[in-house]
Amino acid sequence: MGNRGITLRSEDFSAWYNDVIMRAELADYAPVRGCMVIRPRGYRIWELMQAALDGMLKETGHENAYFPLLIPQSFLAKEAEHIAGFAPQTAVVTHAGGKELEEPLVIRPTSETIIYSMFSKWIQSYRDLPLLINQWANIVRWEMRTRLFLRTTEFLWQEGHTAHATESDAEAEALLILRLYRKFMEEWMAMPVVTGLKTESEKFAGALRTYSCEGMMQDNKALQAGTSHNLGQNFSRAFDVQYQTEEGSRDYTWNTSWGASTRLIGGLIMTHSDDNGLVCPPRLAPVQVVVVPIWRKDEEKSAVLEAGQRVEADLKKAGLRTALDDRESMKPGAKYFEWEGRGVPVRLELGPRDLAENKVVVARRTGGKAPSPMTDIGATVTGVLEELQQQLFEDALERREEHSHRNLDRSGFIELMEGQGGFVYGGFCGGARCESEIKEKTKATIRVLPDSEFRSPEPQDKCMWCGNKAVSEAVWAKAY
RNA sequence: CGGGGCGUGGCGCAGUCCGGCAGCGCGCCUGCUUUGGGAGCAGGAGGUCCCGGGUUCAAAUCCCGGCGCCCCGACCA
């Protein structure tokens with residue numbers, strides 16, 4: 001345990017993670033097992049994520065809609081792989097209105113079935129395509145083991161569902177979203193991710209192909225942070241989503257679905273936070289800058305508070321999310337600890353000495369503080385926040401590269417996974433047997449077959465595990 | 001479902017072995033003094049000791065049964 005009442009990362013990463021969440025008041029455990037309450041400080045992060053992602057989705061032509069929580073149980077069964085994948089995880093409503101229902105209703109574990117059943121009503125002609133729909137929703141998946149934000153029974157997400165006239169249009173859409181997710185994760189969350197294709201065993205139940213963004217957490221484990229699926233015609237055939245082509249023939253639509261969830265908040269926490277608590281990237285910080293006024297005597301107090309209000313007004317004018325901590329019962333040091341635990345990126349300390357010099361002390365959450373002129377404080381802090389945002393990304397990227405390994409042989413791989421872990425790039429023969437054997441022996445799985453820009457400079461032509469000819473490069477890691 | 005840990009004021013814990021007034025730290029309320037890295041003093045509020053049985057003059061403590069939570073693994077975003 002560190003001196004902040006937070007378990008040290010080096011002692012127990014899981015306990016640290018929970019401590020950070022509790023300290024920052026992001027969430028709390030609900031009465032029902034596996035369920036969580038997202039508290040205001042956590043929900044605000046989600047709202048900021050939503051605003052950013054929603055904007056990006058709208059810019060690329062997607063429209064929001066809302067589909068119901070309850071799905072007829074029979075719908076789920078219409079796509080064979082889908083039902084096989086999700087049936088064990090569903091919660092089912094069997095009684096309502098004091099009576100047993102004729103057909104049980106499934107609480108959505110994802111909305112493909114209800115959405116494509118509606119698409120079949122709405123789509124008649126190639127002129128109706130592409131249909132680009134997104135929804136922000138809650139879903140329920142009955143998990144064996146849950147963790148705050150990372151895996152809870154109920155969670156919030158956006159799920160996009162699109163219908164296209166051709167396979168290549170659908171493929172382009174799936175890749176567009178993958179890039180969009182990556183952009184969001186890098187530019188807003190300051191979380192670098194490796195993108196690529198999931199193997200058959202890891203892909204979404206019912207998809208042709210699944211693409212994924214994988215981040216590396218501070219314990220060197222991978223977090224699947226967003227997935228984008230090319231569904232092919234699996235669901236359009238199951239739900240009879242047909243359209244008339246330009247030539248007059250009939251065809252099934254080509255579909256995609258993709259999602260990113262409140263799990264991202266867990267990723268944000270585990271990417272940046274430290275032993276003093278949450279570190280929130282500025283662009284997603286509920287409070288970006290807090291002003292802490294300092295005074296000894298009453299005559300100082302009024303002058304300092306007045307200056308503090310002026311400073312806060314300047315910050316607000318610069319478009320920043322601010323707080324002025326003018327609580328009288330707390331000493332400045334105590335306030336510092338509190339706001340640090342909450343992850344606020346920048347703190348301004350303002351006392352009589354600073355006031356006399358027309359300055360404020362600018363303190364960064366990641367360390368270091370220095371006086372700065374009060375004039376143009378809005379612009380100054382804006383600049384510091386941009387630097388911090390950039391610095392968090394670069395630090396995370398550097399950490400990921402430090403723990404990314406190439407050219408390991410089988411025994412080196414095993415040794416690494418038994419020790420500190422990390423990402424391992426290497427050749428993969430494509431064999432399901434190698435894949436499952438590796439998982440069994442080391443707990444590591446193929447996170448993705450990486451996109452070209454993440455691949456090793458030298459060709460990976462032999463399977464890292466069996467030594468046979470490789471069909472592609474793969475990235476292995478233990479995962480959340 | 002297996003293994004480990006735990007359930008005692010809001011939070012963190014001691015007390016349980018060996019039964020005997022329900023405690024400590026933090027937080028909370030009131031007042032005064034304080035305020036440049038977790039303030040001090042004084043006064044105060046707050047408890048079905050996870051639940052149900054049993055043993056006993058007497059149970060947080062012993063016995064039997066149950067429930068819940070956290071961590072590790074199997075399932076998964």
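Below, all heavy atoms of this structure are taken into account, side chains as well, without hydrogens, waters or symmetry copies. The sequence lines fix the lettering, A, B, ..., with proteins before strands; numbering per chain opens at 1.
Backbone-only engagement by A/Arg33 is indicated by non-hydrogen atom pairs under 4.0 Å involving sugar-phosphate atoms exclusively. Residue contacts shown for A/Ile139 are absent, as no nucleic acid heavy atom lies under 4.0 Å away. Residue contacts shown for A/Val292 are absent, as no nucleic acid heavy atom lies under 4.0 Å away. Contacts of A/Tyr29 with the nucleic acid, taken as non-hydrogen atoms under 4.0 Å apart, involve only primed sugar atoms and P, OP1 or OP2. Residue-level contact check: A/Ser261 touches the bases, meaning some heavy atom is under 4.0 Å from a base atom. The residue A/Glu340 sits close to a base: some heavy atom pair falls under 4.0 Å. Heavy atoms of A/Lys198 sit nowhere under 4.0 angstrom from any nucleic acid atom. As judged by a 4.0 angstrom heavy-atom cut-off over every strand, A/Thr262 is placed among residues making no nucleic acid contact.
A/Thr152 places no side-chain N or O within donor-acceptor distance of the main-chain N or O of A/Leu148, the cut-off being under 3.5 Å. For A/Arg151 (side chain) and A/Thr146 (main-chain N/O), no donor-acceptor pair under 3.5 Å exists by modelled atom type. Judged by distance alone, with hydrogens and angles left aside, the side-chain atoms of A/Lys335 form a donor-acceptor pair with the main-chain N or O of A/Arg327 at under 3.5 Å.
Scanning for side-chain contact (heavy atoms from CB on, under 4.5 Å) contacts around A/Arg33 gives an empty result, with sequence neighbours left out. Shown here are the side chain to side chain donor-acceptor pair (under 3.5 Å) partners of A/Tyr336, two or more places apart in sequence or in another chain: A/Glu349. Every residue two or more places apart in sequence or in another chain that forms a side-chain contact (heavy atoms from CB on, under 4.5 Å) with A/Thr60 is listed here: A/His62, A/Leu176, A/Leu180. Residues passing the salt bridge (Lys or Arg N to Asp or Glu O under 4.0 Å) test with A/Asp219, sequence neighbours excluded: none. Every side-chain contact (heavy atoms from CB on, under 4.5 Å) that A/Asp395 has, sequence neighbours left out, goes to A/Gln391. Scanning for side chain to side chain donor-acceptor pair (under 3.5 Å) contacts around A/Trp136 gives A/Asp54, with sequence neighbours left out. Here A/Ser212 pairs with A/Lys198, A/Glu214, A/Gln224, A/Thr227, A/Val448 under the side-chain contact (heavy atoms from CB on, under 4.5 Å) rule; sequence neighbours left out. Partners of A/Glu440 according to the salt bridge (Lys or Arg N to Asp or Glu O under 4.0 Å) rule, which considers only residues two or more places apart in sequence or in another chain, do not exist here.
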Short N/O separations, protein against nucleotides 73-75 of chain B, under 3.5 angstrom:
{"unit_1": "B/rG73", "atom_1": "OP2", "unit_2": "A/Arg145", "atom_2": "NH1", "d": "3.4"}

Short N/O separations, protein against nucleotides 2-5 of chain B, under 3.5 angstrom:
none

Look for any protein N or O under 3.5 Å of an N or O in nucleotides 30-35 of chain B and output each such pair with its distance, or none.
{"unit_1": "B/rU35", "atom_1": "OP1", "unit_2": "A/Arg296", "atom_2": "NH1", "d": "3.2"}
{"unit_1": "B/rU35", "atom_1": "OP2", "unit_2": "A/Arg296", "atom_2": "O", "d": "3.4"}
{"unit_1": "B/rU35", "atom_1": "O2'", "unit_2": "A/Trp295", "atom_2": "O", "d": "2.8"}
{"unit_1": "B/rU35", "atom_1": "O2", "unit_2": "A/Met330", "atom_2": "O", "d": "3.4"}
{"unit_1": "B/rU35", "atom_1": "O4", "unit_2": "A/Trp295", "atom_2": "NE1", "d": "3.0"}

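The base of B/rG37 does not come close enough to the side chain of A/Glu338 for any donor and acceptor atom to sit less than 3.5 Å apart.
A/Tyr116 and A/His161 have their aromatic ring centers within a separation under 6.0 angstrom.
Nucleotides B/rA14 and B/rG5 have their P atoms positioned 14 Å apart, rounded to a whole Å. B/rG19 and B/rG73 have their C1' atoms separated by 40 Å, with the value rounded to a whole Å. Across the C1' atoms, B/rA59 and B/rC17 are found 15 Å apart, a figure rounded to whole Å. To the nearest whole angstrom, the two P atoms, one in B/rU34 and one in B/rC41, are 15 Å apart. Rounded to the nearest Å, the gap between the C1' atom of B/rG38 and that of B/rA22 is 29 Å.
Both A/Asp12 and A/Glu349 sit near RNA chain B, but only A/Glu349 has its closest nucleotide nearer the 5' end.
Put simply, A/Asn18 has a side-chain N or O that comes within less than 4.0 Å of OP1 or OP2 on B/rC71.
Using the Watson-Crick or G-U wobble rule with both distances under 3.5 Å, B/rC32 pairs with B/rG40.
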Show me, pair by pair, the donor-acceptor contacts under 3.5 angstrom made by side chains of residues 71-79 of chain A, not counting sequence neighbours?
{"unit_1": "A/Ser74", "atom_1": "OG", "unit_2": "A/Glu103", "atom_2": "OE2", "d": "2.8"}
{"unit_1": "A/Glu79", "atom_1": "OE1", "unit_2": "A/Glu81", "atom_2": "N", "d": "3.1"}
{"unit_1": "A/Glu79", "atom_1": "OE1", "unit_2": "A/His82", "atom_2": "N", "d": "2.9"}

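In the set B/rA77, B/rC69, B/rG38, B/rG38 carries the atom at the smallest distance from any side-chain atom of A/Phe337. If you check B/rA77, B/rG36, B/rG37 against the side chain of A/Val361, the one that comes closest is B/rG36. When each of B/rC71, B/rG37, B/rG36 is scored by its nearest atom to the side-chain atoms of A/Arg347, the top-ranked nucleotide is B/rG37.
Per the geometry, CH2 belonging to A/Trp339 stands 18 Å off P belonging to B/rG36, to the nearest Å.
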